[in-house]
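We use all heavy atoms of the structure for the numbers below, so side chains are in, but hydrogens, waters and symmetry mates are not.
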Amino acid sequence: MAKKVLVVDDEPSIVTLLKFNLEQAGFEVLTAYDGKEGYGMALKEKLDFIILDLMLPGMDGMDVCKQLRQEKVNTPILMLTAKSDELDKILGLELGADDYITKPFSPREVVARVKAILRRAKTEEETDADTAVTIEIGDLRILPEQFEAYFKGKKLELTPKEFELLLYLANHPGKVLSRDQLLDAVWNFDFAGDTRIVDVHISHLREKIEEDTKQPQYIKTVRGFGYKLEAN
């Protein structure tokens, strides 16, 4: 069955371009031209992916992303932005987007990003030695095949990217992993990546499993190198 992608953008030419290229790549594509319409469709439809423009009439992409994550909709989101301001990109990630791409863009690159993110989201289904068992580190318990993680018995609400990042860290307990290693392993697409995307997702994970995010007991920063996951 074809993966279902929702494209939300107020520029008809961009919607048409993305719809054509995604359908050529084998996706089923739904479209919306403003934020409220896109938000409603994202709640109603069973989607595999959302491509969301930042600047939208009625309800902008930031608000759509934020509201969807608050509603526990963890469908992967790729933000489109015409802005060059790094703060807008980072804010989008902080609100729960999985990645962003700046206009103008190549439709082929967008399709490649979508495929890469979906591919990474399915990695946990592979029954290799690293993912076939439950992983327990301190009060953290991860069930890779169920895409579930628990902390002190409480189920964590994680986006696909947050889960992938946590799983990768947990599969390498106590090992220091650089930002570049994490970017390549978890995001796994061939482009000049911004390692701040890693920092943003690490921050999100800490908010969910650390009692004191300023003195983390699980996801620790190794200055000058990267991060490691271990329990004191």
Side-chain angles (χ1 to χ4, degrees), residues 2-11 13-35 37-39 41-43 45-56 59-69 71 73-123 158-165 183-184 186-198 200-201 204:
K3 296 287 187 182
K4 188 180 293 187
V5 179
L6 172 64
V7 176
V8 188
D9 197 300
D10 62 334
E11 297 183 51
S13 59
I14 289 179
V15 172
T16 300
L17 181 66
L18 289 177
K19 186 174 189 294
F20 174 79
N21 281 272
L22 287 164
E23 288 179 340
Q24 288 295 303
F27 294 100
E28 178 183 348
V29 182
L30 303 180
T31 61
Y33 295 89
D34 65 64
E37 181 187 11
Y39 176 70
M41 292 178 70
L43 290 178
E45 301 286 343
K46 186 173 178 59
L47 302 170
D48 296 290
F49 205 94
I50 299 170
I51 299 176
L52 180 64
D53 188 32
L54 177 64
M55 302 300 292
L56 291 167
M59 184 179 184
D60 68 27
M62 294 288 193
D63 286 336
V64 173
C65 184
K66 181 180 179 181
Q67 291 298 322
L68 288 176
R69 294 313 187 216
E71 291 291 334
V73 176
N74 290 324
T75 306
I77 295 175
L78 173 66
M79 297 285 290
L80 304 178
T81 173
K83 292 188 175 182
S84 60
D85 191 340
E86 292 297 316
L87 291 175
D88 288 309
K89 298 171 185 175
I90 298 302
L91 181 56
L93 297 174
E94 289 176 344
L95 292 176
D98 292 87
D99 190 19
Y100 64 82
I101 189 168
T102 304
K103 297 178 182 179
F105 52 76
S106 161
R108 288 186 177 182
E109 183 182 2
V110 173
V111 172
R113 297 275 190 100
V114 172
K115 287 182 175 179
I117 293 171
L118 289 173
R119 184 168 59 247
R120 292 303 304 174
K122 280 190 65 68
T123 297
L158 303 174
T159 67
K161 270 290 170 286
E162 290 168 359
F163 182 83
E164 292 164 34
L165 179 57
L183 187 67
D184 180 63
V186 177
W187 280 264
N188 192 34
F189 35 67
D190 185 17
F191 83 114
D194 187 338
T195 56
R196 280 176 294 181
I197 193 173
V198 176
V200 169
H201 282 75
H204 286 174

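Within the model, atoms OG1 of Thr159 and CD of Glu164 stand 8.0 Å from one another, a figure rounded to the nearest 0.5 Å. Interatomic distance, NZ of Lys19 versus OG1 of Thr16, reported as 8.5 Å (0.5 Å rounding). Rounding to the nearest 0.5 Å places NZ of Lys4 at 11.0 Å from OG1 of Thr75. The structure places OG1 of Thr81 at 11.0 Å from CZ of Phe105, a figure rounded to the nearest 0.5 Å. Here the CG-CD1 distance, from Leu78 to Ile101, works out to 6.0 Å after rounding to the nearest 0.5 Å.
Side-chain contact between Leu18 and Phe27 is absent, with no heavy atoms from C-beta onward closer than 4.5 Å. Here the side chains of Asp98 and Phe49 are not in contact, with every heavy-atom distance at 4.5 Å or above. For the pair Val5 and Asp48, the minimum side-chain heavy-atom distance is 4.5 Å or more. For the pair Val8 and Val64, the minimum side-chain heavy-atom distance is 4.5 Å or more. Contact of the Met59 side chain with the Gln67 side chain is registered, since non-hydrogen atoms from C-beta on lie closer than 4.5 Å. Under the 4.5 Å side-chain criterion, counting only non-hydrogen atoms from C-beta, Glu71 is in contact with Leu43. Side-chain contact between Leu30 and Leu47: present, with at least one pair of heavy atoms (C-beta onward) separated by less than 4.5 Å. Side-chain contact between Asp60 and Leu54 is absent, with no heavy-atom pair separated by less than 4.5 Å.
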>> Before you tell me yes or no, could you show the steps for Leu68 and Leu52 under side chain to side chain contact (heavy atoms under 4.5 Å, CB included), namely the whole-Å CA-CA distance, both residues' side-chain angles and the distance that decides it to 0.1 Å?
In response: CA-CA 12 Å; Leu68 288 176; Leu52 180 64; 5.6 Å; no
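At least one donor-acceptor pair under 3.5 Å links the side chain of Arg113 to the backbone N or O of Tyr100. The main-chain N or O of Leu158 is found under 3.5 Å from a side-chain atom of Asn74 such that the two form a donor-acceptor pair. Side-chain atoms of Asp10 do not come within 3.5 Å of backbone N or O of Tyr33 as any donor-acceptor pair. Using a distance-only test at 3.5 Å, with no hydrogens or angles considered, a donor-acceptor pair links the side chain of Asp34 to the main chain of Glu37.
Closest heavy-atom contact between Gly96 and Cys65: C-SG, 3.8 Å. Across His201 and Leu165, no two heavy atoms sit closer than the pair CB-CD2, 3.6 Å. For the pair Asp9 and Val15, the tightest heavy-atom approach, listed with the atom from each and the gap, is O-CG2, 3.3 Å. Closest non-hydrogen pair, Ile117 versus Pro76, comes out as CG2-CB, 3.9 Å. A pairwise comparison of heavy atoms in Val111 and Ala25 identifies CG1-CB, 3.7 Å as the closest pair. Across Ile51 and Leu22, no two heavy atoms sit closer than the pair CD1-CD1, 3.8 Å.
Glu11 has a carboxylate O that lies under 4.0 Å from a charged side-chain N of Lys103, or vice versa, which qualifies the two as a salt bridge.
Residue Lys66 qualifies as open at atom NZ: its count of foreign heavy atoms under 6.0 Å is 12 or below.
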